[in-house]
Amino acid sequence: MNRKTLVLPALAGLLVPTLAACGSGSGAEDGEGSTIAVGTTDHFAVTKDTPAPFDPAASYDVSAWNVMRNTFQTLLRMPRSGTEPVPDAAERCGFTDQQNEQYRCTIRDGLQFSNGHRLDAKDVEFSVKRVLGINFDNGPATLLSDVDKVEATSDTEVVFHLKKPDATFPYKLATPAASIVDSETYPIDDFVKGFKVTGSGPYTLGDFDGDDKKAVFTRNPDYKGGLKVRNQKIEMRFYPSSGDMEKALTSGDIDLMNRTISPGQISKLENNREDDIELVEQPGQEIRYLVFNTEDGTAGRKAVRQAMAQLIDRQELVRDAYARTSEPLYSLVPGGLTGHRNSFFNEYGEPDAKAARDILRKAGINTPVKLTMHYTTDHYGEATAKEFATLKKQLNSSGLFDVEVKGVPWDKYRPAAQEGEYQVYSYGWFPDFPDPDNYIAPFFEKNNFLNSSYTNTEIRHKLIPQTRREAERTSTTGQFGRVQDIVAEEVPVLPLWQGKQYVAAGDDITGVEWVLNSSSGLQLWELARGAKG
């Protein structure tokens, strides 16, 4: 087997508030080969909390976004490499004022949806107003909440008036939250139920329902944007476990797998040199963290949270639960991004049971502290159970905690966490865009992703607004550093680790090194079939 370790460009860069332009993309390349089968352990179901898994107004989840990125267009998109958004449905976009409060885009000519309807600036206006108007609890409306008014000033021009300066706004327009939908097909105040997709992206999605074992993406012949589509068809096949998915890869039933490869599989694939499989490792920006219910009688006490921060051994955690396929993380902002600071290590240093005991004693808290920690059994991979077993061992072996852990399926876990039913629980975060703002604002702004009651006025009303005025993102280091220090002192969340990205594929598949972007977004258009290596 062949193994590649790639080092992609550092995830730091400027957001230039000037007009950008991009040439139109071309169709699929010659000699592109047969259907490419991609395996995943992701699954989709229509439930009360996910009534429309592929509706841009309803879904805010990496697995659903992987479908939407490939079937919808946005005005801007993230480039193949680098961190500055480039045009897709737009010809050009940019701020028109020095304050970063008015943003203007010119739409490409000749765009159309997969149903044949024309796409113009009025559809862009409709799409943004729809997401904000529906404002679904589990949806992505918070990403666009700074929009005060959006108006199509002509068929080809749309203008966004922001409530306050936001230099990260172009990044947000490159997320599936800003997917352009057909104003003649999608209702303004409700979802398109089920799995139907009417977009203008590089692929169309075939008939699909939650019981299907595959989804078929066919190259959209009418796509006009900045992407080069290198294949004609992708089959995404769904597996109950990473073990089943690996068997399909090694037997040749699928050509590639990504979500979710277990640490044990990574080790096996690295060491097995007989299979014609290529393992690609890339830097990653996924993070895993604990969330505390700050209204709970126990987890709401700051000293309890600080004592946990003092006890947890991240080095042991990534070694024992993840076989070093992830790295210890001492801040919500991961390494590789502008402004990263190891605030938790600076505050607590190495794990220290005596220091944790002193924290609890000074706060008058009796030990052992009884807590229940929840995790999801089927969303972040099979290693999550081992991760929580390790955390339980670390906390309980100190004699300061009496922790119980419980695993819950994702369809029940997410709603319960949102309703505040858990004391301590785990989430993963795949960034919407590669900027430190996206690791801070979703957790600490009003109506945040966590539905958390925790509030820090300095973060919310001073530091976040200050950073959004800065088009030169390297100028935000001091403010983001201060945010990270506050989080380490108050511990409303506790960062644990930062992941690496892995993709395993047959050695006749090209483009594997580009199939994931820096935000773990799946870029199916990069894949093609070539000669075996």
- Take atom NZ in Lys163; do more than 12 heavy atoms of anything else shown fall under 6.0 Å from it?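 Buried by this count: over 12 neighbours within 6.0 Å.
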Look at atom NZ of Lys500 and say whether more than 12 heavy atoms of other residues, nucleotides or ligands are closer to it than 6.0 Å.
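Counting neighbours around NZ of Lys500, more than 12 heavy atoms of other residues, nucleotides or ligands fall under 6.0 Å, so yes.
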Centres of the [X] and [Y] rings: under 6.0 Å?
| X | Y | result |
| --- | --- | --- |
| Trp65 | Phe430 | no |
| Phe208 | Phe238 | yes |
| Trp429 | Phe449 | yes |

- Message: Show, in sequence, the C-alpha distance, side-chain angles and deciding distance for Phe191 and Phe136, and conclude whether the ring pair (Phe, Tyr, Trp, His ring centres under 6.0 Å) test is met.
- Response: CA-CA 10 Å; Phe191 302 126; Phe136 185 51; 5.1 Å; yes
Charged N-O contact under 4.0 Å between [X] and [Y]:
| X | Y | value |
| --- | --- | --- |
| Glu157 | Arg104 | yes |
| Asp55 | Lys193 | no |
| Asp255 | Arg529 | yes |

Any donor-acceptor pair under 3.5 Å from Ser475 side chain to Glu470 backbone: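 Checking the backbone N and O of Glu470 against the side chain of Ser475, no donor-acceptor pair under 3.5 Å is found.
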Can a donor-acceptor pair be found, under 3.5 Å and without considering hydrogens, that links the side chain of Arg77 to the backbone of Gly226?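 Here the side-chain-to-backbone pair exists.
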- Item | Pair Tyr223-Asp88, side-chain donor/acceptor within less than 3.5 Å |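 Judged by distance alone, the side chains do pair up.
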Go through the steps to decide whether Glu235 and Val38 satisfy the test side-chain contact (heavy atoms from CB on, under 4.5 Å), and finish with yes or no. CA-CA 6 Å; Glu235 279 190 5; Val38 175; over 6 Å; no
ask   = What's the verdict on ring pair (Phe, Tyr, Trp, His ring centres under 6.0 Å) for Phe54 and Phe44, showing C-alpha distance, side-chain angles and the deciding distance?
value = CA-CA 9 Å; Phe54 305 148; Phe44 303 100; 5.0 Å; yes
- Task: From the options Gln102, Lys149, Glu101, select the one residue that forms a side-chain hydrogen bond (donor to acceptor under 3.5 Å, both in side chains) with His161.
- Result: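 When side-chain hydrogen bond (donor to acceptor under 3.5 Å, both in side chains) is applied between His161 and each of Gln102, Lys149, Glu101, only Gln102 qualifies.
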**OP:** Find the distance between CD1 (Ile254) and OG1 (Thr40) and round it off to the nearest 0.5 Å.
**Re:**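 One finds 9.5 Å between CD1 of Ile254 and OG1 of Thr40.
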- Message: Rounded to the nearest 0.5 Å, what separates atom OG1 in Thr106 from atom CZ in Arg92?
- Response: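 So the OG1 of Thr106 and the CZ of Arg92 are separated by 4.0 Å.
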**Study point:** Whether Tyr427 and Tyr413 hold their rings parallel, tilted or perpendicular, with breakpoints at 30° and 60°
**Key:**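 Plane angle over 60°, so perpendicular.
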